[in-house]
Asker: 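Sharing a structure here in structure tokens format.
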Protein chains: 2
Amino acid sequence: MLVSSKISPKTTTRKAQIIDTSLEMMYRLGYQGTSMRDIASSVSMEAASLYNHISGKEAILSETCFTMAERLLKGLSEVNDIYFNPAEKLSLAVKNHVHILTENTFAGWVFVHEWRHLGDENRHRFVKLRDEYEKGFITILKQGEDEGVFQDVNNKFAVLTILASLNWVVEWYKPHGSMNPEQIAEKLTEFILSGLKKTNN
Amino acid sequence: MLVSSKISPKTTTRKAQIIDTSLEMMYRLGYQGTSMRDIASSVSMEAASLYNHISGKEAILSETCFTMAERLLKGLSEVNDIYFNPAEKLSLAVKNHVHILTENTFAGWVFVHEWRHLGDENRHRFVKLRDEYEKGFITILKQGEDEGVFQDVNNKFAVLTILASLNWVVEWYKPHGSMNPEQIAEKLTEFILSGLKKTNN
DNA sequence: ACTACTAACTAACATTTGTTAGTATTGCAA
DNA sequence: TTGCAATACTAACAAATGTTAGTTAGTAGT
């Protein structure tokens, strides 16, 4: 079970260093633009030595993508299991999503953008998880409709649009920016629920 | 002045073929994942022959990115010049955006995702245009606030979230899917303005 | 018929790529 | 102190990369 420094921050193993450095470089240059030699020199070793810690380049990508996906899924299913109010569920789902994506900004970015470069097998597995995640959101929307608190919308369309807003966070979030993840999640929830138009009350 | 087949669809020059093919490949494999030899074999010639039509790999990317950016900007400034009602402006701006991104799905995708791989100079120029575009949207939001029809929100934040939803279209739009660009734009406008919550009237 | 241009070709270039093999060094447990 | 596992190294690999040089065939204008 492979572990990055963000998950187990105390034991900063060489492997965790390598992965963290890789993610930062992939954030800047993209997966394909980051070579094993780039990564190696960033952690002050030779490219060949990396293979004592990781099985190859794709392993860095796949580990990151799947670790992130599983954390998102776990959070979402907890929300769906424990709470009852649809608006509250949505709010918590958003918070979960933003929290995980912003916790490690580089991992968040790689997860959102670079999964496309997974090899065929991993990519198919990944897409399945993503679909599962979308279903979890649709469940919330459906419940909201059934209870008459959400509008009747094309659920698939709505979920894609919502996830788009959520994922875009990785594009501009900065750890020391003017909004922290909690505030971002709050504003996003507000936007998703109420839109731009002024209400009458 | 370089012209792709989408802009001047009648004269399908060899160059236009090359660019269109390139965009499709970059959509599938990414900019860095698409080699000149890949492109060449897709148009049935040798890699070296490509240089009779284009100055290099980056030219394909930069031409696409800047052509798209200029079209978006032109559309947006027309909207801002001609119309008065903020909600109507927003609706038309969304329509413009969706229309241009979906007209050529591959170009749309490359524009949204691959501009990061522009060289330093082009990338800086591109980011300037993007900022200008965001400002055009902010103008609309501000006007809406001033006239009391939009909520007071963090404009920068709102614009980024809105553009996120709009750009995400390139992720799932299919020319022969269940919604055409007009319908997509309409639904997006609805979502941006009204959100998910049921209104009281 | 001569010229100039277009667009294709082959060949080669210097790098860079991910990865493997084989070897040396280190530090800890026995 | 010996032995072992972890971790680093050098060297090399075959393949792929963007691009240039030089050449050739066809075509249009004079």
Side-chain angles (χ1 to χ4, degrees), chain A residues 1-5 8 11-23 25-26 28-65 110 114-123, chain B residues 1-5 8 11-23 25-26 28-65 110 114-123:
Chain A
M1 186 72 58
L2 304 174
V3 176
S4 108
S5 78
S8 164
T11 34
T12 303
T13 62
R14 204 86 174 95
K15 171 167 182 183
Q17 286 175 35
I18 290 168
I19 290 187
D20 283 350
T21 300
S22 302
L23 295 180
M25 303 203 72
M26 290 175 185
R28 298 195 197 291
L29 309 168
Y31 175 74
Q32 316 219 48
T34 304
S35 74
M36 294 300 267
R37 284 168 182 81
D38 289 338
I39 296 168
S41 88
S42 276
V43 292
S44 305
M45 58 160 124
E46 295 301 316
S49 309
L50 293 172
Y51 290 80
N52 289 315
H53 303 276
I54 50 163
S55 64
K57 196 186 177 189
E58 182 168 337
I60 299 171
L61 181 59
S62 63
E63 245 181 79
T64 304
C65 290
V110 168
E114 305 298 322
W115 63 267
R116 282 165 196 284
H117 300 111
L118 288 168
D120 286 349
E121 194 198 314
N122 277 328
R123 199 176 60 257
Chain B
M1 187 72 57
L2 305 173
V3 175
S4 110
S5 77
S8 164
T11 32
T12 302
T13 63
R14 205 84 173 96
K15 171 168 183 180
Q17 287 175 35
I18 291 169
I19 290 186
D20 282 350
T21 301
S22 301
L23 295 180
M25 303 204 73
M26 289 175 186
R28 298 195 197 291
L29 308 169
Y31 176 74
Q32 316 217 51
T34 304
S35 75
M36 293 300 268
R37 284 168 182 81
D38 289 338
I39 295 168
S41 89
S42 276
V43 293
S44 304
M45 57 179 190
E46 295 300 314
S49 309
L50 293 171
Y51 290 80
N52 288 313
H53 304 275
I54 50 162
S55 64
K57 197 185 177 189
E58 181 168 340
I60 300 171
L61 181 59
S62 63
E63 247 181 76
T64 304
C65 290
V110 168
E114 305 297 322
W115 63 268
R116 282 167 195 283
H117 300 112
L118 288 168
D120 286 348
E121 194 198 313
N122 277 327
R123 199 176 60 257

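Naming: A, B, ... by sequence-line order, numbering from 1 per chain.
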Asker: List the atom of A:Gly33, the atom of A:Asp38, and the distance in Å for their closest heavy-atom pair.
Answerer: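 Shortest heavy-atom separation between A:Gly33 and A:Asp38 comes out as O-OD2, 3.8 Å.
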Asker: Please answer whether the main-chain N or O of A:Gln32 pairs with a side-chain N or O of B:Gln32 as donor and acceptor at a distance below 3.5 Å.
Answerer: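 Here the side-chain-to-backbone pair does not exist.
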Asker: Name all residues meeting the salt bridge (Lys or Arg N to Asp or Glu O under 4.0 Å) criterion together with A:Arg28; count only those two or more places apart in sequence or in a different chain, and write none if there are none.
Answerer: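 In terms of salt bridge (Lys or Arg N to Asp or Glu O under 4.0 Å), with neighbours along the sequence ignored, A:Arg28 is linked to A:Glu24.
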Asker: For B:Arg123, what residues pass the salt bridge (Lys or Arg N to Asp or Glu O under 4.0 Å) criterion, not counting sequence neighbours?
Answerer: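 Partners of B:Arg123 under the salt bridge (Lys or Arg N to Asp or Glu O under 4.0 Å) test: B:Asp120.
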Asker: Checking the side chain of B:Arg14 only, and the main-chain atoms of B:Leu50 only, is there a donor and an acceptor separated by less than 3.5 Å?
Answerer: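 The answer is no, because no donor-acceptor pair under 3.5 Å joins these two groups.
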Asker: For the pair made of CD in A:Gln32 and P in C:dT16, what is the distance, rounded to whole Å?
Answerer: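 So the CD-P distance, A:Gln32 to C:dT16, works out to 18 Å.
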Asker: With side chains defined as the heavy atoms from C-beta onward, is the minimum distance between A:Met45 and A:His53 less than 4.5 Å?
Answerer: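 Counting from C-beta outward, A:Met45 and A:His53 do come under 4.5 Å.
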Asker: Would you grab the first and last nucleotide of DNA chain D (5' to 3') that comes under 4.0 Å of any non-hydrogen atom in chain A?
Answerer: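 Taking any atom under 4.0 Å from a heavy atom of chain A, the span is D:dT7 to D:dA12.
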Asker: Taking the side chain from A:Glu58 and the backbone from A:Gly119, do they hold a donor-acceptor pair closer than 3.5 Å?
Answerer: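 Checked: pair present.
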Asker: Is the side chain of B:Ser41 donor-acceptor paired with the backbone N or O of B:Ser44 at a distance under 3.5 Å, no angle test?
Answerer: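 No: the side chain of B:Ser41 does not pair with the backbone of B:Ser44.
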Asker: Rounded to the nearest angstrom, tell me the gap between atom CD in A:Glu58 and atom P in C:dG18.
Answerer: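 From A:Glu58 CD to C:dG18 P: 12 Å.
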Asker: Taking A:Leu29's backbone N and O only, do any of them form a donor-acceptor pair with A:Thr34's side chain (distance below 3.5 Å, no angle check)?
Answerer: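 Side chain of A:Thr34 to backbone of A:Leu29: no pair is present.
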Asker: Of the residues in residues 33-41 of chain A, which ones touch DNA chain D at a heavy-atom distance under 4.0 Å?
Answerer: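 Heavy-atom cutoff 4.0 Å gives A:Arg37.
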Asker: Mind grabbing the angle between the end helix axes of the helix from C:dA1-D:dT30 to C:dA30-D:dT1? Five pairs an end, 10° rounding.
Answerer: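 If I round to tens, the end axes sit 0° apart.
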Asker: Between protein and nucleic acid, restricted to nucleotides 3-5 of chain C and to nitrogen or oxygen atoms under 3.5 Å apart, what atom pairs and distances do you find?
Answerer:
none

Asker: Taking all heavy atoms of B:Ser42 and all of B:Met25, pick out the closest pair and write down the distance.
Answerer: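 Looks like OG-SD, 3.4 Å.
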Asker: Can you measure A:Tyr51 atom OH to C:dG22 atom P for me and round it to whole angstrom units?
Answerer: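 Computing the A:Tyr51:OH to C:dG22:P distance gives 17 Å.
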Asker: State, without any angle test, whether A:Asn52 and A:Ser49 hold a side-chain donor-acceptor pair at a distance under 3.5 Å.
Answerer: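 Checked: A:Asn52/A:Ser49 side chains show no N/O donor-acceptor pair below 3.5 Å.
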Asker: Rounded to whole Å, how long is the line connecting atom CD1 of A:Ile60 with atom C1' of C:dT19?
Answerer: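 Going from A:Ile60 (CD1) to C:dT19 (C1'), I get 13 Å.
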Asker: Expressed as a whole number of angstroms, how long is the span from B:Ile18:CD1 to C:dA7:P?
Answerer: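 For the pair B:Ile18 CD1 and C:dA7 P, the rounded distance is 9 Å.
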Asker: Minimum heavy-atom separation for B:Tyr31 to B:Lys57, with atom names?
Answerer: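 Of all heavy-atom pairs spanning B:Tyr31 and B:Lys57, the closest is O-NZ, 2.9 Å.
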Asker: Compare every heavy atom of B:Tyr51 with every heavy atom of B:Gly56, then report the nearest pair and how far apart it is.
Answerer: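 For B:Gly56 versus B:Tyr51, the nearest heavy atoms are CA-CE2, 3.8 Å.
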